[in-house]
Novice: 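Let me begin by handing over the structure; questions about it come next.
Side chains are part of it too, since the values below use all heavy atoms of this structure and drop only hydrogens, waters and symmetry mates. Here the structure is a predicted model, which is why all the values come from computation and not from measurement. Indexing begins at 1, ligand by ligand and atom by atom, following the structure's order.
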Amino acid sequence: MPTLAKAYIAVSATAPLQPGTVERREPGEFELQIAIKFAGICHSDIHTSRGDWSGVNYPLVVGHEIAGVVEAVGAKVTRHSVGDRVGVGCFVDSCRECVNCRAGEEQHCLSGPTSTYNAVGRDGLPTAGGYSTSIVVDENYVLRIPDGIPLETAAPLLCAGITMYSPLRTWAAGPGKRVAVIGMGGLGHMGVKIAAAMGAEVTVLSQSLKKQEDAIRLGAKHYYATADPSTFEILRGHFDLIVNTVSADIDIDEYLSLLALDGTLVLVGLPSMPLTQRAWSLVSFRRSLAGSKMGGIRQTQEMLNFCAAHGLGAEVEVIPASKINDAYERVLASDVRYRFVIDAHTF
Ligand code: NAP
Ligand code: ZN
Ligand code: ZN
């Protein structure tokens with residue numbers, strides 16, 4: 001029998017999110033029903049519910065940083081058991097057959113992974129995300145949350161954590177590497193923690209000096225305010241890797257100029273407007289401009305295990321569901337320290 005889960009729902013691009021319910025199917029043979037305990041608020045939830053990106057279908061339940069406990073399993077489930085601490089990230093299915101799925105890069109599935117929200121599942125029904133009290137997901141798309149990480153600090157790892165871990169691994173952040181993170185919000189603060197734990201020398205490039213003390217506490221060696229033009233003089237040609245988490249339109253040429261020979265600027269932030277940049281910024285110093293999207297299931301598990309081994313979780317402010325709309329405004333004002341996480345008991 002399908003069940004009704006409590007949820008917070010976006011009904012249009014302009015209305016505040018409001019309480020309601022969402023139907024969850026009975027778990028199929030290979031599916032788990034998860035009692036959601038905490039759901040992180042990712043900036044992508046705001047972009048989507050406010051219609052910044054095209055193709056939004058309302059009503060919509062967002063949320064793709066889900067931490068909870070398995071409460072029921074289908075007859076053929078082998079990977080998880082009732083009572084397990086588990087997580088769900090940005091996608092809940094993919095074709096499983098294409099070259100990228102077979103390589104464990106399901107986020108780049110050639111048929112498009114099935115997003116945790118605002119997509120259509122195999123059952124033909126719209127997917128609905130983590131701002132709710134339960135969710136039903138195929139066991140292959142569910143992660144184990146190691147015991148050492150509290151569920152509320154684990155939830156943001158399912159998107160913010162993996163979105164930073166993946167490029168840091170791809171471009172080999174580690175000892176001897178100078179890594180910069182642009183923007184210290186939800187993604188950025190996890191980037192600082194993970195890159196520092198990997199052994200890289202980490203610099204934060206933030207709009208102001210407000211977050212300097214926190215950045216150093218989280219593992220950064222250096223911190224510069226990008227509002228100060230001298231920052232771009234001082235750091236010219238300095239970094240091996242820069243990861244840009246900003247969703248606003250920033251001057252990419254200025255940041256490319258901070259890369260050393262063969263350095264790479266990786267975009268993870270998703271502005272809604274096209275970017276522009278000059279060829280010279282890349283031609284000089286043989287620089288690269290790249291992008292990175294979440295991470296595959298295997299790498300997400302690797303990231304969770306890495307975080308547990310290094311004692312890492314997100315810095316969170318746990319809020320009741322009634323504060324979601326206020327939290328959205330604070331994220332938009334860069335006033336988040338450093339991830340809002342909703343207590344699912346309050347839906
Ligand atoms: P967030 O918590 O709002 O952090 C973004 C940070 O960017 C802010 O805290 C702020 O840091 C900085 N910033 C904001 N406005 C700025 C401006 N006008 N100029 C310069 N810097 C500015 O957001 P998030 O959840 O980390 O997400 C960041 C972006 O990544 C979003 O676009 C989101 O959709 C995208 N995203 C992408 C992926 C992917 O797979 N590629 C996955 C998840 C999210 P300071 O105060 O330190 O300057
Ligand atoms: Zn996200
Ligand atoms: Zn595929």
Novice: Going by ring-ring contact (aromatic ring centres under 6.0 Å, His included), name the pairs with one or both residues in residues 307-345, residues two or more places apart or in two chains.
Specialist: His189-Tyr338, Phe306-His310

Novice: So, is His43 placed with an N/O/S atom under 2.8 Å from the Zn ion (ligand 2), counting both backbone and side chain?
Specialist: no

Novice: Can you confirm whether the side chains of Asp253 and Ser281 place a donor and an acceptor under 3.5 Å from each other?
Specialist: yes

Novice: Would you call Glu31 and Arg25 a salt bridge, taking side-chain N to carboxylate O under 4.0 Å as the test?
Specialist: yes

Novice: Protein N/O/S atoms under 2.8 Å from the Zn ion (ligand 3): how many?
Specialist: 4

Novice: When you check the gap from the basic side-chain N to the acidic O, do Lys193 and Glu315 get nearer than 4.0 Å?
Specialist: yes

Novice: Quick one: do Arg24 and Glu71 satisfy salt bridge (Lys or Arg N to Asp or Glu O under 4.0 Å)? Show the steps, please.
Specialist: CA-CA 13 Å; Arg24 299 296 191 187; Glu71 56 183 358; over 6 Å; no

Novice: Just checking, is any N or O donor in the side chain of Asn305 or Gln301 under 3.5 Å from an acceptor N or O on the other one?
Specialist: yes

Novice: Students should find this: residues with any non-hydrogen atom under 4.0 Å from ligand 1. What is the answer?
Specialist: Cys42, His43, Ser44, His47, Trp53, Cys159, Thr163, Gly183, Met184, Gly185, Gly186, Leu187, Ser206, Gln207, Lys211, Thr245, Val246, Ser247, Ala248, Ile250, Val268, Gly269, Leu270, Ser292, Lys293, Met294, Val331, Ser334, Val336, Arg339

Novice: For the residue pair Tyr58 / Ser49, report whether a side-chain donor-acceptor contact shorter than 3.5 Å exists.
Specialist: no

Novice: So does His64 have any N/O/S atom less than 2.8 Å away from the Zn ion (ligand 2)?
Specialist: yes

Novice: Can the ring centroids of Tyr255 and Phe232 be said to lie less than 6.0 angstrom from one another?
Specialist: yes

Novice: Between Asp52 and His47, is any side-chain donor less than 3.5 angstrom from a side-chain acceptor?
Specialist: yes

Novice: Please collect all side chain to side chain donor-acceptor pair (under 3.5 Å) contacts where either partner lies in residues 79-89, sequence neighbours excluded, each pair once.
Specialist: none

